[in-house]
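Following: one structure in structure tokens, then a few remarks.
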Amino acid sequence: GQGKRCDLNISTNKSSHHTDLFGDDILIVRRGQNFTVTLHLKPGSKEFKQGETKFTLIVETGPLPRKESDTKVSFGLSDSTVDTDWSASAITGPSGNTVSVSINSSPNSPIGLYSLTLDQEGQKTTLGQFVLLYNAWCQRDAVYMPSESKRKEYILGQHGVIYRGTYKRISGTPWNFGQFESGILDICLKILDVNPKFVSDADKDCSGRRNPIYVTRVLSAMINSNDEGGVLVGEWYDFEGGVHPGTWTGSGKILRQWAKSGPVRFGQCWVFAAVACTVSRALGIPCRVVTNFGSAHDTNANLVIENFYDENGEDMSDDSIWNFHVWVDSWMTRPDLGEDFDGWQASDPTPQEKSEGVYCCGPAPLKAIKEGELTRKYDAPFIFAEVNADVIDKVQLSNGRMVEFGGSTKSVGRFISTKAVGRDERHDITHQYKYAEGTAETHICTHTHTLHTYYSHSVIGPSEQPKKNVIQMPISMYEFQFCVIFHASGLSAQILLFLNKQKHV
């Protein structure tokens, strides 16, 4: 027999790529960084000589590997690797037939399962498989994160705390993300492979996986089962025939159950967000779970209310404004929008609204949400409204129906919370989403005219008694959502009316 042709040096490579926590016995590397494999050339083949021996390496991913899609790349040996593209360099081992090859992947490669093939003068030998992930340690990668303590938390952190309750009574629940448990990475890649975009155009989808913006958007659709075959079924009332959302303590069980038998019953917002966080961290995208207390949501006939019970079974819900809502922030650059919008991006895997025909939401840059730049994709107006909506007392629709609202400007979007880096404490990130109430920057955004219709009305001065406004609206069955944004003076306001015509009524 010929013996093994290639040693993938799994443990050494995993250790230098920060993938040694994965329980899987497969080579897992991060893009834009060298890994080393040892080749045993055929007995009787000419001794390897630096600069003379010719061979080519081929890496391929997806069902239809193509050079044009960057899902198939061939490269020869050079004197040294380059850190901008797939490349390889070799050094001869102790015997002339053993060659150590250093391979560098492009920091812009599609992530996923790859095969590695050696082409020696036309004779091809499969050397093995490896999984390529995003690399927050690599400056050229779109998910690069400069701080080691943040990388430890947002990629390598396996345990977290998810905040729930009301702003008066915030409680932290421990969660086991479990992204490194054996078999989980495979399941995360399977989620990408059953997504409808892959099914309709596998070549384009696999090529798109170079881009964390694209993958994050796919995940925000695939974690809920409202479209084809997603991970979790949302349920807020009847938990017959499934698991009560409040009893899950980690993502691993949910993901394994999905892989075995399809959509898992049941999830609510924090479960959707926690599973999205697990998958993002597994794939190498820095991610954090975020809770917003007093989260505004549409108030049409399909109103979804987050039911939350305290330990004594007391209902702590409130009809028109969820007591809390949970989503995720993922870290990446936004070359599509410009570097002003790099950094944290909000996306929401809980099925609420359709975006481009699918139940997904985001990623929207926190910078755009804070500055009110609501034309910045994806779904910035929706997330903006969740943290900024004002609640108006009464609105009369054109059909005469009155809709009741309670509360005030300050009840929406408070104590926006996530687990602190390196500590099990609450870190308040409200300032990353919005300016402090009443500061000059709490301004009307000027870029929203293409998306929205404005209705103006005056707001009473501080000395007067509040009076209830009734606003006539030419709306029929469309869903609507309000946010009132105050000028710095606080004396005039505009109501931002957000129409979403795609919602099934």
| query | Is a side-chain N or O of S225 found less than 3.5 angstrom from the main chain of L232, in a donor-acceptor match? | reply | yes

| Per the side-chain hydrogen bond (donor to acceptor under 3.5 Å, both in side chains) rule, which among Q33, R31, R30 passes with N135? | Q33

| D329: which of K150, K367, R288 passes salt bridge (Lys or Arg N to Asp or Glu O under 4.0 Å) | R288

| Is the H244 ring parallel, tilted or perpendicular to the F239 ring (thresholds 30°, 60°)? | tilted

| message | The test is salt bridge (Lys or Arg N to Asp or Glu O under 4.0 Å); show your working for D201 and K197 and say whether it passes. | response | CA-CA 6 Å; D201 189 342; K197 289 185 161 100; over 6 Å; no

| said: Is it true that T278 and S251 share a donor-acceptor pair across their side chains at a distance under 3.5 Å? | reply: yes

| task | Please determine, by modelled atom types, if D428 and T430 share a side-chain donor-acceptor pair under 3.5 angstrom. | result | yes

| said: Distance alone, cut at 3.5 Å: any donor-acceptor contact between the side chains of N9 and T36? | reply: no

| said: Would you compute the distance between atom OG1 of T350 and atom CG of N224 and round it to the nearest 0.5 angstrom? | reply: 8.0 Å

| remark: All heavy atoms of T61 vs all of G112, minimum pair found to be OG1-C, 4.2 Å

| Any side-chain heavy atom of F198 sitting closer than 4.5 Å to one from C206? | yes

| What is the minimum heavy-atom distance between T216 and S347, and which atoms define it? | CG2-OG, 3.6 Å

| message | On a heavy-atom basis, which atom in V289 and which in T418 lie closest, and how many Å separate them? | response | O-OG1, 2.7 Å

| query | Given V131 and F22, is the side chain to side chain contact (heavy atoms under 4.5 Å, CB included) satisfied, shown in steps? | reply | CA-CA 11 Å; V131 175; F22 281 102; over 6 Å; no

| Minimal non-hydrogen separation, C360 against D379, with atom names | O-OD2, 3.8 Å

| said: Ignoring hydrogens, what is the shortest heavy-atom contact between G208 and Y214? Give both atom names and the distance. | reply: O-CD2, 3.4 Å

| query | Quick one: does T98's side chain get under 4.5 Å of T38's, heavy atoms only? | reply | yes

| message | So if I apply the salt bridge (Lys or Arg N to Asp or Glu O under 4.0 Å) rule between D203 and each of R66, K67, R209, which one comes out positive? | response | R66

| query | Do L57 and L127 touch side chain to side chain, with heavy atoms closer than 4.5 Å? | reply | yes

| So, do W270 and P245 sit near enough that their side-chain heavy atoms are less than 4.5 Å apart? | yes

| request: Evaluate the side chain to side chain contact (heavy atoms under 4.5 Å, CB included) criterion for residues V215 and Y134: first the C-alpha distance (whole Å), next the side-chain angles of each, then the deciding distance (0.1 Å), finally the verdict. | output: CA-CA 11 Å; V215 169; Y134 295 109; 3.2 Å; yes

| task | Determine yes or no for a side-chain-to-main-chain donor-acceptor pair under 3.5 angstrom, with R151 supplying the side chain and M145 the backbone. | result | yes

| What is the minimum heavy-atom distance between S109 and W86, and which atoms define it? | OG-NE1, 3.4 Å

| task | Find the distance between CZ (F341) and OG1 (T333) and round it off to the nearest 0.5 Å. | result | 13.5 Å

| field | Side-chain heavy-atom pair E371, R376 within 4.5 angstrom cut-off | value | no

| Full working for side chain to side chain contact (heavy atoms under 4.5 Å, CB included) between C287 and Y154 | CA-CA 5 Å; C287 190; Y154 298 131; 5.9 Å; no

| query | Checking S220 side chain against C361 main chain: does a donor-acceptor pair fall under 3.5 Å? | reply | yes

| task | Determine, stepwise, if the pair T291 / R164 fulfils side chain to side chain contact (heavy atoms under 4.5 Å, CB included). | result | CA-CA 7 Å; T291 303; R164 303 186 299 175; 5.7 Å; no

| query | So, W258 side chain and G229 main chain: donor-acceptor pair closer than 3.5 Å or not? | reply | yes

| remark: Interatomic distance, NZ@K419 vs CG@D424, rounded to 0.5 Å, equals 5.0 Å

| query | So, does E60 use its side chain to make a donor-acceptor pair with the main chain of S115 at under 3.5 Å? | reply | no

| request: State whether the number of non-hydrogen atoms from other residues, nucleotides or ligands found under 6.0 Å of Q123 atom CD is greater than 12. | output: no

| Relative to each other, are the rings of F130 and Y114 parallel, tilted or perpendicular (30° and 60° limits)? | parallel

| field | F324 side chain reached by I162 side chain, heavy atoms, under 4.5 Å | value | no

| Reported CG-to-CG distance for the pair L8 and D25, which is rounded to 0.5 angstrom | 10.0 Å

| message | Closer than 3.5 angstrom, by distance alone: can the side chain of Q179 be matched with the main-chain N or O of I155 as a donor-acceptor pair? | response | yes

| query | So, do V290 and Y433 sit near enough that their side-chain heavy atoms are less than 4.5 Å apart? | reply | yes

| note | d(S200 OG, N195 CG) to nearest 0.5 Å is 8.0 Å

| said: Rounded to the nearest 0.5 Å, what separates atom CG in L133 from atom CD1 in I28? | reply: 6.5 Å

| Any donor and acceptor pair, going by atom type alone, linking the side chain of N104 with main-chain N or O of V82 inside 3.5 Å? | yes

| With side chains defined as the heavy atoms from C-beta onward, is the minimum distance between I191 and L255 less than 4.5 Å? | yes

| Cut-off 3.5 Å, side chains only: do S417 and R426 have a donor facing an acceptor? | yes

| query | Can you check whether F266's main-chain N or O pairs, donor with acceptor, with W248's side chain at less than 3.5 Å? | reply | yes

| task | For the pair S105 (side chain) and G32 (backbone), establish whether a donor and an acceptor sit closer than 3.5 Å, ignoring hydrogens and angles. | result | yes

| request: Evaluate whether atom NZ of K190 has more than 12 neighbouring non-hydrogen atoms of other residues, nucleotides or ligands under 6.0 angstrom away. | output: yes

| field | Salt bridge present between D24 and K14 (N-O < 4.0 angstrom) | value | no

| message | Please check this pair: side chain of N292 against backbone of I416, looking for a donor-acceptor N/O pair closer than 3.5 Å. | response | no

| request: Count the heavy atoms of every other residue, nucleotide or ligand shown that sit under 6.0 Å from CD of E339, and state whether that count exceeds 12. | output: no

